*Asks:* 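Mind looking over this structure? Questions follow.
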Amino acid sequence: MPDKKLPLSWYRKEQVVTLAQNLLGKYLYSNINGQLTGGIITETEAYAGVTDKASHAYNGRRTTRTETMYHEGGISYVYFTYGMHHLFNVVTGPKAVPHAVLVRGIYPLTGCDVMLQRTGKKSINYQLTNGPAKLTKALGITRQQNGISLSGNTIWIEDHGIKIAKEHINATPRIGIDYAGEDALLPYRFVIDYQHYIH
DNA sequence: CCAGGGATGGACT
DNA sequence: GTCCATCCCTGGT
């Protein structure tokens, strides 16, 4: 059985905006508390490190929290927000380049019973994991998984050969970053255009 | 030490 | 459309 897991080299390129687009259609898995769960990545946002006012690492900010982002690409960056939500990011780029991609949505496929249990939902559909905090809840991801390698067996991403054509990717401004000034307008959010995949 | 705010989601009008 | 739960993170005393 071929290893479909993305190699660490995949994450270590400079072009975080391209990587955010290329993550669409990949399979995100977690194996947490002995439960395998996962789905297809459908929505991402790029956060372009020190030059991006929306990034936690803007202007080279280094804190206990943001230190994770300065690590070499291929690890997770999980942080807590709004007093109740965990958000999962993929750290990308070479060492000391604090780029990250926020995973904002997946289509649930693996371990659906577990994901229903974790979220308290009744039925499997795209709405189960179509938000950045919804998918971490379904996948069981918390800050305990902050900084872990994506080449391990806890959280990883696989390439199953699905290629999302550029024209089937919608690019929009990112969500919830009004504080970022002119950078709030950058088209760094990428969503699969479902219309082309439902028939 | 402490105040202010947040890369959200669910409930409700 | 509005409201708000809830607590970590940050920067400033």
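It should be emphasised that the depicted structure is a prediction, and the values quoted were computed from it without experimental measurement. Labels below follow one simple rule: chain letters A, B, ... track the order of the sequence lines, proteins then strands, and each chain is numbered from 1.
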*Asks:* Remember a base hit wins even if backbone is also touched, and classify A/Lys121 as base, sugar-phosphate or nothing at under 4.0 Å, heavy atoms.
*Replies:*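 Answer is sugar-phosphate: A/Lys121 comes under 4.0 Å of backbone atoms only.
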
*Asks:* What one-letter contact string describes nucleotides 4-13 of chain C from 5' to 3', where B marks a base within less than 4.0 Å of any protein heavy atom, S marks contact via sugar-phosphate atoms alone, and - marks no contact?
*Replies:* -BBBSSSS--

*Asks:* Are A/Thr66 and A/Arg61 close enough that a side-chain donor and a side-chain acceptor fall under 3.5 Å?
*Replies:*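 There is no such pair (donor and acceptor under 3.5 Å, judged by atom type) between the side chains of A/Thr66 and A/Arg61.
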
*Asks:* Does any part of the side chain of A/Ile175, heavy atoms only, come nearer than 4.5 Å to the side chain of A/Glu45, both counted from C-beta?
*Replies:*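 Yes, their side chains come closer than 4.5 Å.
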
*Asks:* Is the ring centre of A/His71 less than 6.0 Å from the ring centre of A/Tyr77?
*Replies:*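 Here the rings of A/Tyr77 and A/His71 have centres that are no less than 6.0 Å from each other.
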
*Asks:* Does a salt bridge link A/Glu158 with A/Lys4, judged by any charged N lying under 4.0 Å from a carboxylate O?
*Replies:*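 No, A/Glu158 and A/Lys4 are not salt-bridged.
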
*Asks:* Would you kindly say whether A/Ser30 and A/Thr37 are connected by a side-chain donor-acceptor distance under 3.5 Å?
*Replies:*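 On atom types as modelled, these side chains qualify, holding a pair under 3.5 Å.
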
*Asks:* Pick base, sugar-phosphate or nothing for A/Ala54, based on heavy-atom distances below 4.0 Å to the nucleic acid.
*Replies:*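 Base: the residue A/Ala54, judged by heavy atoms under 4.0 Å, touches a nucleobase.
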
*Asks:* Could you spell out the base pairing of DNA chain C as a dot-bracket line? Use Watson-Crick and G-U wobble contacts where both distances are under 3.5 Å, [ ] for crossing pairs, | for partners on a different strand.
*Replies:* |||||.||||||.

*Asks:* Hey, could you give me the CZ/CG distance between A/Arg174 and A/Leu185, rounded to the nearest 0.5 Å?
*Replies:*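 Between A/Arg174 CZ and A/Leu185 CG, I get 10.0 Å after rounding to 0.5 Å.
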
*Asks:* Any chain of hydrophobic side-chain contacts (each under 4.5 Å) joining A/Trp156 to A/Phe88?
*Replies:*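 Same cluster: A/Trp156 reaches A/Phe88 through Ile, Leu, Val, Met, Phe, Trp or Tyr contacts under 4.5 Å.
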
*Asks:* Applying a strict under-4.5 Å side-chain criterion to I, L, V, M, F, W and Y, I'd like to know whether A/Tyr188 and A/Val50 cluster together.
*Replies:*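 The answer is no; the residues belong to distinct hydrophobic clusters.
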
*Asks:* Can you pull the contact range of chain A along DNA chain B, 5' to 3', using atoms under 4.0 angstrom from its heavy atoms?
*Replies:*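 With heavy atoms of chain A under 4.0 Å away, the range is B/dG6 to B/dG10.
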
*Asks:* Closest heavy-atom contact between A/Ala100 and A/Met69?
*Replies:*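 So the two residues come closest at CB-CE, 3.8 Å.
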
*Asks:* Identify whether any heavy atom of A/Ile177 sits under 4.0 Å from a base atom; if not, whether one sits that close to sugar-phosphate; answer base, sugar-phosphate or nothing.
*Replies:*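 Since only primed, P, OP1 and OP2 atoms lie under 4.0 Å of A/Ile177, the category is sugar-phosphate.
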
*Asks:* Regarding A/Asn31 and A/Thr154, is there a side-chain donor-to-acceptor distance under 3.5 Å anywhere?
*Replies:*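 Distance-only check fails for A/Asn31 and A/Thr154.
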
